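Each remark here refers to the structure printed beneath this line.
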Amino acid sequence: MIRYNAVMRLPKLTRRRFLYAAGGAVVSACGAYGYTRWIEPDWLDVVHHDMPLNGLPASLVGKTLVQMSDLHIGTTDPDYLAQCVVTVNALKPDILVITGDFMTCREGERVDSVPGVVESLQAPYGVYAVAGNHDYGGNWNQPEVADALGRRLDDCGIRLLRNEVVDVRGLQLLGLDDLWAKQFRVVPHNTAKPTVAISHNPDSADLPGWKNFRGWILSGHTHGGQCRFPFGHAPILPVKNKLYSAGAFDLGRGRSLYVNRGLGYVHKLRFNTRPEVTVFRLTANPVV
């Protein structure tokens, strides 16, 4: 047997080749930054998902519940948010829920800006919302800010639920207040009825109080991690349970969690986590 020892010859690294390589790297980095800052933060993704519920009335089967989250009025481009509202109304939701962080503010200075963004939202069965941590001011400990927001939302026909239960055409909706603001608690409800809970922070799904809950929990808060490596996890998530980045999770015992990636931002950066509006089609769980 004849053996050949092949030696791979690398091209000589000249000054010109080095400059070409360095220039290419700079162009690539600038392109990635431009995409992350100027394209993806405004590239809305409308996600469709079935929502099976036990005991759903026949009149609600096939109806749509649309979720918005994390508008962050004050730091998010207002023209972009206006277009998001147009898109949501075009979806013709039967029920619309907004899962917190309407605004980014220190002491309620953005409260009066909220109606101009959300007042045209429409849904025949109602628009409901919960507060997020940013809706409690800069340190998330100013209930008077959330109180003022609730009054302004009420003027717009949007009901801010703060640990309350409402009946929406036979669907039980639990609106739970914010975890980081130390206002969250699971309120008593009828466990025999089809139920959807809205709670800004998905970590609330791991707290006590859900023992007899059967249904869906809709959250936001994470922004999907803002930036996410391809085929990997988001390196920074503002939750204890790092599984809760975005999307649907089966929590067992008849409970499901959905984490919406949100619309806005505190800092205008997104990569591999496009802003999201979620359209849920209500379906009846088959009787076993």
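Quick caveat: nothing in here was measured; it's all calculated off a predicted structure. Side chains are part of it too, since the values below use all heavy atoms of this structure and drop only hydrogens, waters and symmetry mates.
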Linked, directly or transitively: [X] and [Y] (ILVMFWY side chains, under 4.5 Å):
| X | Y | result |
| --- | --- | --- |
| Val130 | Val187 | no |
| Leu44 | Val279 | yes |
| Ile158 | Tyr128 | no |
| Leu207 | Val165 | yes |
| Leu257 | Val47 | no |

In Å, rounded to the nearest 0.5 Å, how long is the span from [atom1] of [X] to [atom2] of [Y]?
| X | Y | atom1 | atom2 | value |
| --- | --- | --- | --- | --- |
| Leu176 | Leu173 | CG | CG | 9.0 Å |
| Thr76 | Asp42 | OG1 | CG | 9.0 Å |
| Leu174 | Ile198 | CG | CD1 | 9.0 Å |
| Leu263 | Asp101 | CG | CG | 11.5 Å |
| Ile217 | Thr99 | CD1 | OG1 | 12.5 Å |
| Leu53 | Lys193 | CG | NZ | 12.5 Å |

Is a donor from one side chain sitting under 3.5 angstrom from an acceptor on the other, for [X] and [Y]?
| X | Y | result |
| --- | --- | --- |
| Gln226 | Thr273 | no |
| Ser199 | Ser204 | yes |
| Asp50 | Thr283 | no |
| Asn241 | Asp203 | no |
| Tyr265 | Asp70 | no |
| Thr222 | Arg261 | no |
| Gln67 | Ser69 | no |
| Tyr136 | Asp177 | yes |

Hey, are the side chains of [X] and [Y] touching, using non-hydrogen atoms and a 4.5 Å cut-off?
| X | Y | answer |
| --- | --- | --- |
| Ser113 | Met103 | no |
| Leu121 | Met68 | yes |
| Val196 | Met51 | yes |
| Leu65 | Lys63 | no |
| Asn285 | Leu56 | no |
| Ile95 | Thr64 | no |
| Gln122 | Val127 | no |
| Cys105 | Val111 | no |

- [ ] Starting from the C-alpha separation in whole Å, work towards a yes-or-no answer on side chain to side chain contact (heavy atoms under 4.5 Å, CB included) for Val85 and Val118.
- [x] CA-CA 7 Å; Val85 168; Val118 302; 5.6 Å; no

[X] [atom1]: over 12 foreign heavy atoms closer than 6.0 Å:
| X | atom1 | result |
| --- | --- | --- |
| His267 | NE2 | no |
| Glu144 | CD | yes |
| Leu243 | CG | yes |

Backbone N/O of [Y] and side chain of [X]: donor-acceptor pair under 3.5 Å:
| X | Y | answer |
| --- | --- | --- |
| Asn89 | Ser120 | yes |
| Lys242 | Val239 | yes |
| Lys268 | Pro41 | no |
| Asn133 | Ala181 | no |
| Asn139 | Asn141 | no |
| Ser59 | Pro57 | no |
| Asn272 | Cys227 | no |
| Glu40 | Arg37 | no |
| Gln172 | Asn190 | yes |

TODO: For the pair Asp155 and Arg152, find out whether any cationic side-chain nitrogen is under 4.0 Å from an anionic carboxylate oxygen.
DONE: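 Looking at Arg152 together with Asp155, the answer is yes, because their closest N to O distance falls below 4.0 Å.
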
Task: Derivation of the side chain to side chain contact (heavy atoms under 4.5 Å, CB included) call for Arg159 and Val166 - done: CA-CA 10 Å; Arg159 184 170 175 181; Val166 294; 3.2 Å; yes

Table please: side-chain donor-acceptor pairs of residues 248-255 below 3.5 Å, with sequence neighbours left out.
from   : atom 1 : to     : atom 2 : distance (Å)
Asp250 : OD1    : Gly252 : N      : 2.9
Arg255 : NH1    : Trp210 : O      : 3.1

Task: Verdict with supporting geometry, Arg162 and Asp178, salt bridge (Lys or Arg N to Asp or Glu O under 4.0 Å) - done: CA-CA 8 Å; Arg162 303 176 74 178; Asp178 185 62; over 6 Å; no

Which atom names give the shortest non-hydrogen contact between [X] and [Y], and what distance separates them?
| X | Y | answer |
| --- | --- | --- |
| Leu171 | Pro194 | CD1-O, 3.5 Å |
| Pro124 | Pro93 | CD-O, 3.1 Å |
| Val259 | Pro202 | CG2-CB, 3.8 Å |
| Phe213 | Trp216 | CZ-O, 3.4 Å |

- [ ] Assess whether salt bridge (Lys or Arg N to Asp or Glu O under 4.0 Å) is satisfied between Arg169 and Asp94, documenting all intermediate values.
- [x] CA-CA 11 Å; Arg169 305 289 182 102; Asp94 297 294; over 6 Å; no

Open item on the list: Please list all pairs meeting ring pair (Phe, Tyr, Trp, His ring centres under 6.0 Å) that have one or both residues in residues 71-92, counting only residues at least two apart or in different chains.
Closed with: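 For residues 71-92, and leaving out neighbouring residues, the ring pair (Phe, Tyr, Trp, His ring centres under 6.0 Å) pairs sorted by first residue read His72-His134, His72-His223.
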
Task: Leu60 vs Tyr125, side chain to side chain contact (heavy atoms under 4.5 Å, CB included): CA-CA, chis, key distance, verdict - done: CA-CA 11 Å; Leu60 288 179; Tyr125 297 171; 3.8 Å; yes

- [ ] Could you go through the ring-ring contact (aromatic ring centres under 6.0 Å, His included) check for His221 and Trp180 one step at a time?
- [x] CA-CA 11 Å; His221 183 63; Trp180 282 9; 4.6 Å; yes

- [ ] Just do the side chain to side chain contact (heavy atoms under 4.5 Å, CB included) check on Val277 and Thr87 with the steps written out, would you?
- [x] CA-CA 9 Å; Val277 165; Thr87 298; 5.9 Å; no

- [ ] Might you work through the side chain to side chain donor-acceptor pair (under 3.5 Å) test for Arg228 and Ser245, ending with a clear yes or no?
- [x] CA-CA 10 Å; Arg228 186 185 190 95; Ser245 57; 3.3 Å; yes

